[in-house]
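Lettering of chains follows the sequences in order, A, B, ..., and the numbering in each one begins at 1.
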Amino acid sequence: MQKKPLVVLTGPTAVGKTKASIDLAKAVGGEIISADSMQVYRYMDIGSAKIRKEEMCGVPHHLIDVLEPREEFHVVKFQKLAKEAMEGIYSRGHLPIIVGGTGFYIQALLYDIDFTESTQDDALRKKLSVYAKEEGAEALHEKLRLVDPKAAEDIHANNVKRVIRALEFYAQTGERISEHNETERQKESPYQFAYFVLNDNRERLYERINRRVDQMLDDGLVEEVRFLKERGYTKDLVSMQGLGYKEILEYLDGDCTLEEAVYKIKRDTRHFAKRQITWFKREREVIWVEKEAYHYEEQLMLDYMLDVLRKRQILT
RNA sequence: AGGGGAUUGGUCAAGUGGUAUGAUAGGGGUCUCCAAAACCUUUGGCGGGGGUUCGAUUCCCUCAUCCCCUG
């Protein structure tokens with residue numbers, strides 16, 4: 001059976017994905033699926049740098065504004081919703097374009113990683129989390145060493161979150177997560193794809209980030225967060241832990257000045273961008289599109305991407 | 001102009017007669033159910049020049065720069 005076509009357009013935050021994605025979608029008759037862990041939430045527009053209706057230029061967008069801030073969102077949910085959206089797109093004879101900066105989500109979809117063997121077990125997670133707090137991260141790590149030495153070696157003891165996940169996996173499936181991951185890692189993508197990573201030199205990127213944060217403030221980020229706060233959304237919600245939201249919330253709660261909050265948003269966004277780049281460097285089969293190499297000419301970058309799509313017979 | 005004080009990595013601070021500590025920023029990395037999360041790791045430095053001393057970042061002199069006070 002012929003593999004279905006799929007285009008990924010990603011890159012660090014603030015690099016200019018949104019703009020490029022519209023140009024690309026219009027050129028190929030594509031529909032966009034957002035791979036973004038924050039833009040799924042309604043009312044979180046400014047801080048998540050969500051695309052505005054009028055910017056879409058008629059290009060259909062999926063997985064934007066589909067959840068209430070109180071709802072949980074994670075890879076598995078993303079994978080499920082994205083696959084559903086893709087079915088619809090294929091049925092319309094269109095090309096799906098994944099756009100967004102969450103590398104993990106892209107990976108889950110592109111390689112169709114299997115998460116379904118175990119279901120989330122909040123009680124067990126909580127129990128293990130308490131254990132870690134009371135007995136120490138080392139003690140928890142030791143538990144993992146007993147059942148899955150390989151995973152224990154790979155995961156640092158301080159990384160409690162992942163130690164817990166590994167233990168949970170073993171408890172629920174009787175299988176070692178290290179082995180499971182190894183198998184999944186071998187997987188070949190079920191899609192005929194092109195994975196573009198839009199990037200810029202670090203200095204420029206950081207400047208753009210700083211400027212964009214200032215712009216968000218001008219656009220009313222504080223009011224947006226105040227609105228969310230008034231609606232009863234609190235900082236323990238995953239949605240409210242997004243960049244820009246947790247810091248402004250802290251300010252509104254009187255725990256820091258606005259200036260400090262802005263400083264932190266900029267800094268943490270820069271850190272985030274750095275981590276994203278690290279992720280994409282490690283990802284297999286990515287095609288880097290360095291803006292500098294194209295002299296920041298959008299048309300040249302678009303032409304290059306279209307060329308790749310034709311060569312790979314994603315476009316005919 | 002006179003008097004006083006300061007000068008330690010990009011920034012902010014600690015410290016010692018045997019060449020230095022931390023925070024933070026910056027760099028690199030891990031990641032297969034909270035990923036805008038969580039975690040690991042790391043490059044940089046004693047303003048310039050003299051002197052005392054076995055040895056000066058530390059003490060003395062001088063120059064530079066900055067700050068304060070007086071005029």
Trainee: Please determine if A:Asp112 and A:Lys83 form a salt bridge, counting it only when a charged side-chain N lies under 4.0 Å from a carboxylate O.
Mentor: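 Answer for the salt bridge query: yes.
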Trainee: Below 3.5 Å, can you tabulate the donor-acceptor pairs from side chains in residues 24-32 of chain A to any protein atom, sequence neighbours excluded?
Mentor:
residue : atom : partner : partner atom : Å
A:Glu31 : OE1  : A:His62 : NE2          : 2.7
A:Glu31 : OE1  : A:Arg92 : NH1          : 2.5
A:Glu31 : OE2  : A:Arg92 : NH1          : 2.7
A:Glu31 : OE2  : A:His94 : ND1          : 2.7

Trainee: Report the residues that fulfil side-chain contact (heavy atoms from CB on, under 4.5 Å) with A:Arg176, sequence neighbours left out, ordered by chain and then residue number.
Mentor: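 A:Arg176: side-chain contact (heavy atoms from CB on, under 4.5 Å) contacts with A:Asp148, A:Pro149, A:Tyr170, A:Ser178, A:Glu179.
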Trainee: Considering only side-chain heavy atoms of A:Ser37, which listed nucleotide, B:rU30, B:rG27, B:rA36, is closest?
Mentor: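 The closest nucleotide is B:rA36.
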Trainee: Among all residues two or more places apart in sequence or in another chain, which pass the side-chain hydrogen bond (donor to acceptor under 3.5 Å, both in side chains) test with A:Glu250?
Mentor: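 By the side-chain hydrogen bond (donor to acceptor under 3.5 Å, both in side chains) rule, A:Glu250 matches A:Lys264.
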Trainee: Which of these nucleotides, B:rU32, B:rA36, B:rA35, is closest to any side-chain atom of A:Trp279?
Mentor: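 My answer, after comparing the listed nucleotides, is B:rA35.
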Trainee: Rounding to an integer number of Å, can you tell me how far A:Lys133 NZ sits from B:rA38 P?
Mentor: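 Checked: the NZ to P distance equals 13 Å.
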Trainee: Can you name the side-chain hydrogen bond (donor to acceptor under 3.5 Å, both in side chains) partners of A:Tyr304, sequence neighbours left out?
Mentor: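 Result, side-chain hydrogen bond (donor to acceptor under 3.5 Å, both in side chains) vs A:Tyr304: none returned.
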Trainee: Give the residues of residues 254-272 of chain A touching RNA chain B, defined as any heavy atom closer than 4.0 Å, sorted by residue number.
Mentor: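 Result for residues 254-272 of chain A: A:Tyr263, A:Arg267, A:Arg270, A:His271, A:Phe272, sorted by number.
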Trainee: To the nearest Å, give me how far apart CD (A:Glu283) and C1' (B:rG29) are.
Mentor: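 In whole Å, B:rG29 C1' and A:Glu283 CD are 15 Å from each other.
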Trainee: Test the A:Lys143-A:Tyr131 pair against the cation-pi criterion, namely NZ or CZ under 6.0 angstrom from the six-membered ring centroid and within 45° of the ring axis.
Mentor: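 Pair A:Lys143/A:Tyr131 counts as cation-pi.
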Trainee: Do the side chain of A:Lys274 and the base of B:rG28 come within less than 3.5 angstrom through a donor-acceptor pair of N or O atoms?
Mentor: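 Indeed, a donor on one side and an acceptor on the other fall under 3.5 Å apart.
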Trainee: Send over the distance from A:Phe280 CZ to B:rA36 C1', rounded to a whole Å.
Mentor: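 To the nearest whole Å, that distance equals 12 Å.
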Trainee: Tell me every residue that passes ring-ring contact (aromatic ring centres under 6.0 Å, His included) with A:Tyr191, counting only those two or more places apart in sequence or in another chain.
Mentor: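 Here no residue qualifies.
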Trainee: Under the side-chain hydrogen bond (donor to acceptor under 3.5 Å, both in side chains) rule, collect the residues that match up with A:Glu138, sequence neighbours excluded.
Mentor: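 If we apply the side-chain hydrogen bond (donor to acceptor under 3.5 Å, both in side chains) test to A:Glu138, skipping adjacent residues, there are no hits.
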Trainee: Expressed as a whole number of Å, how far does the C1' atom of B:rU8 sit from that of B:rG15?
Mentor: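 One C1' to the other, the span is 10 Å.
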Trainee: In whole Å, what is the span from the CD1 atom of A:Ile106 to the P atom of B:rA35?
Mentor: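 Nearest whole value for this atom pair: 14 Å.
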Trainee: Rounding to an integer number of Å, can you tell me how far A:Phe104 CZ sits from B:rU30 P?
Mentor: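 Distance, rounded to whole Å: 15 Å.
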Trainee: Could you work out the complete set of other residues in the hydrophobic cluster of A:Phe272, with links drawn between I, L, V, M, F, W and Y side chains under 4.5 Å apart?
Mentor: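 Other cluster members: A:Leu243.
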Trainee: Run the salt bridge (Lys or Arg N to Asp or Glu O under 4.0 Å) test against A:Arg312 and tell me which residues pass, sequence neighbours left out.
Mentor: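 Checked A:Arg312 against salt bridge (Lys or Arg N to Asp or Glu O under 4.0 Å); zero matches.
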Trainee: Applying a 4.0 Å non-hydrogen cut-off, can you work out what A:Tyr111 is touching in the nucleic acid: base, sugar-phosphate, or nothing?
Mentor: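 Here A:Tyr111 touches no strand at all.
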Trainee: List, with names and distances, any nitrogen or oxygen atoms from the protein found under 3.5 Å away from nitrogen or oxygen atoms belonging to nucleotides 40-44 of chain B.
Mentor:
residue : atom : partner  : partner atom : Å
B:rC40  : OP1  : A:Asn158 : ND2          : 2.6

Trainee: Supply the atom-to-atom distance A:Met56 CE to A:Thr18 OG1, rounded to the nearest 0.5 angstrom.
Mentor: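 Rounded to the nearest 0.5 Å, the CE-OG1 separation comes out at 9.5 Å.
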Trainee: May I ask you to list the residues of residues 241-248 of chain A, by number, that have any heavy atom positioned under 4.0 Å from an atom of RNA chain B?
Mentor: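 Listed by number, they are A:Gln241, A:Gly242, A:Leu243, A:Lys246.
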Trainee: Heavy atoms from C-beta onward define the side chain here; which of B:rG27, B:rA36, B:rG29 lies closest to that of A:Arg202?
Mentor: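 Of all the options, the side chain of A:Arg202 is nearest to B:rG27.
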Trainee: If I pick the C1' atom on B:rU52 and the same atom on B:rG17, what distance separates them, to the nearest angstrom?
Mentor: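 Each nucleotide's C1' atom is 11 Å from the other's.
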Trainee: Based on the glycosidic angle (syn within 90° of 0, else anti), state the conformation of B:rG47.
Mentor: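 It is anti.
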Trainee: If I take atom NZ in residue A:Lys281 and atom C1' in nucleotide B:rU30, what distance separates them, rounded to the nearest angstrom?
Mentor: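 To the nearest whole Å, that distance equals 13 Å.
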Trainee: Measure CG/A:Leu140 against C1'/B:rC39 and give the value in whole Å, please.
Mentor: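 From A:Leu140 CG to B:rC39 C1': 14 Å.
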Trainee: Just checking A:Tyr206: base, sugar-phosphate only, or nothing, at a heavy-atom cut-off of under 4.0 Å?
Mentor: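 Here A:Tyr206 touches the backbone only, sparing every base.
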Trainee: From the options B:rU32, B:rC34, B:rA36, select the nucleotide whose nearest atom is closest to the side chain of A:Thr102.
Mentor: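 Between B:rU32, B:rC34, B:rA36, the one nearest the side chain of A:Thr102 would be B:rA36.
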Trainee: Could you state the NZ-P distance from A:Lys161 to B:rC39, rounded to the nearest angstrom?
Mentor: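 Nearest whole value for this atom pair: 8 Å.
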Trainee: Return the set of residues passing side-chain hydrogen bond (donor to acceptor under 3.5 Å, both in side chains) with A:Glu71 (not counting sequence neighbours), or none when no residue passes.
Mentor: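 A:Glu71 satisfies side-chain hydrogen bond (donor to acceptor under 3.5 Å, both in side chains) with no other residue.
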